[in-house]
Protein chains: 2
Amino acid sequence: MDKILEQWGAARPGLDVSAMGVVGRVSRASRLLERGVKAHFEEHGLEAWEFDVLATLLRADRTLCMSDLAGAAMVSSGALTNRIDRLVAKGLVTRATSEDNRRLVLVTLTAEGRRLAGDLLDGHVANEERLLSGLTPAERAELAALLRKLLCSLGDTDL
Amino acid sequence: MDKILEQWGAARPGLDVSAMGVVGRVSRASRLLERGVKAHFEEHGLEAWEFDVLATLLRADRTLCMSDLAGAAMVSSGALTNRIDRLVAKGLVTRATSEDNRRLVLVTLTAEGRRLAGDLLDGHVANEERLLSGLTPAERAELAALLRKLLCSLGDTDL
DNA sequence: CTCAAACACTTCAATTCTGAAAGATGCGAT
DNA sequence: ATCGCATCTTTCAGAATTGAAGTGTTTGAG
């Protein structure tokens, strides 16, 4: 991003590049971190989104409906139907219509799904720490705090 | 992300969630910012990636080859071939084989492509500033500096 | 009570991306 | 000079996503 901002400075003197510097860096950092996460799961024969769904259910510690999971993963409802189809086929989660509200489809971890997610959790956290190893713990905390404020102002809500 | 980290704290006491807090927030911020950028361009009848390619050429102020553009956009070479196909069809860029190295395909802005990118640039920057309006200028600078360091440690290189 | 509107999910067509294979070109060691 | 390997682009098949349409369910205003 440094070269990019330099180029704008030369090509469009006077253009305020501070916002572009932030948005562009968030975007690039996200893609690079995502690649690092994906590479780690591929080593274990799992897709990153598979772990994502399992981990969401594991930490919620209860069944969740399709909408909850779609919101947590920030994908469309159609995409989530597809993902759950495959996790059910793999025996990692179960689908069941809610008794209370028959519109809801409740997704629950199977014993194997719970075990798998639990087994991979520590390795995943270690991998994320490796990806962030260029920052000191204090810098990570500062970064998290700034992003937290940004997310809040963007109206982010999870589960 | 706050609820998510809370949930991990409850479901897995002792798990170090600091890395997850950073990686997760970068990812969510990126998706939300991307949506905001995309929404702005859709109002002007343009895809975000179209502006992205045009802006890359505009700021470089010279022709670029396919690899350069693919790297800048962080997409595969196949995806870029498809994108340039459509920009050529729209008359916004031209394709030409390099004289110096006949493996290279040089992409150049047409007059219309240059005009379009220039016209949309200020509005785009204003939109990004709006998306970041929850942070003070000092906070944006701090955020940019931390992300810059992170990108550096992740081996990011642009153009 | 009834019916329209809101809601949750699935299905489907269209779009887009990735990764691999293939074709063309350039480069360097021998 | 030449051969082998690397580089650059395109093509293509497979995978995944989005957004809209369709189905079934609930809610609440009248």
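Treat the numbers as computed from the prediction; the structure is a model and nothing was measured. Letters go in sequence order (proteins before strands), and every chain restarts at 1.
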Restricting to side-chain hydrogen bond (donor to acceptor under 3.5 Å, both in side chains), what partner residues turn up for R25(A), sequence neighbours left out? D2(A)
Quick one: are L15(A) and V125(B) in side-chain contact, heavy atoms under 4.5 Å? yes
What residues, two or more places apart in sequence or in another chain, satisfy salt bridge (Lys or Arg N to Asp or Glu O under 4.0 Å) together with [X]?
{"X": "R86(A)", "answer": "none"}
{"X": "E50(A)", "answer": "K90(A)"}
{"X": "R12(A)", "answer": "none"}
{"X": "D122(A)", "answer": "none"}

Should we count CZ of R102(A) as having more than 12 external heavy atoms under 6.0 Å? no
Output a table of nitrogen or oxygen pairs between the protein and nucleotides 10-14 of chain D separated by less than 3.5 Å.
from, atom 1, to, atom 2, distance (Å)
dT10(D), OP1, R95(B), NE, 2.8
dT10(D), OP1, R95(B), NH2, 3.4
dT10(D), OP2, T81(B), OG1, 2.8

Residues touching DNA chain C, which here means a heavy atom under 4.0 Å, drawn from residues 44-54 of chain A: none
Heavy atoms of chain B, cut-off under 4.0 Å: which first and last nucleotide of DNA chain C, 5' to 3', fall inside that, if you could look? dT16(C) to dG26(C)
Quick one: do the S18(B) and D16(B) side chains pair a donor with an acceptor below 3.5 Å? yes
Residue pairs passing the side chain to side chain donor-acceptor pair (under 3.5 Å) test where at least one lies in residues 106-118 of chain A, sequence neighbours excluded: R115(A)-D119(A)
Would you please name every residue forming a ring pair (Phe, Tyr, Trp, His ring centres under 6.0 Å) with H124(A), sequence neighbours left out? F41(A), F51(A)
Show which side-chain atoms of residues 70-81 of chain B pair as donor or acceptor with protein atoms under 3.5 Å away, not counting sequence neighbours.
from, atom 1, to, atom 2, distance (Å)
S76(B), OG, A79(B), N, 3.2
T81(B), OG1, S77(B), O, 3.3

CG on L54(A) to CG on L120(A), rounded to 0.5 Å: 8.5 Å
Hey, does R31(A) reach any base, or is it just sugar-phosphate, or nothing, if we go heavy atoms under 4.0 Å? sugar-phosphate
Hey, what are the protein-to-nucleotides 24-29 of chain D N/O distances that come in under 3.5 Å?
from, atom 1, to, atom 2, distance (Å)
dT26(D), OP1, R102(A), N, 2.9

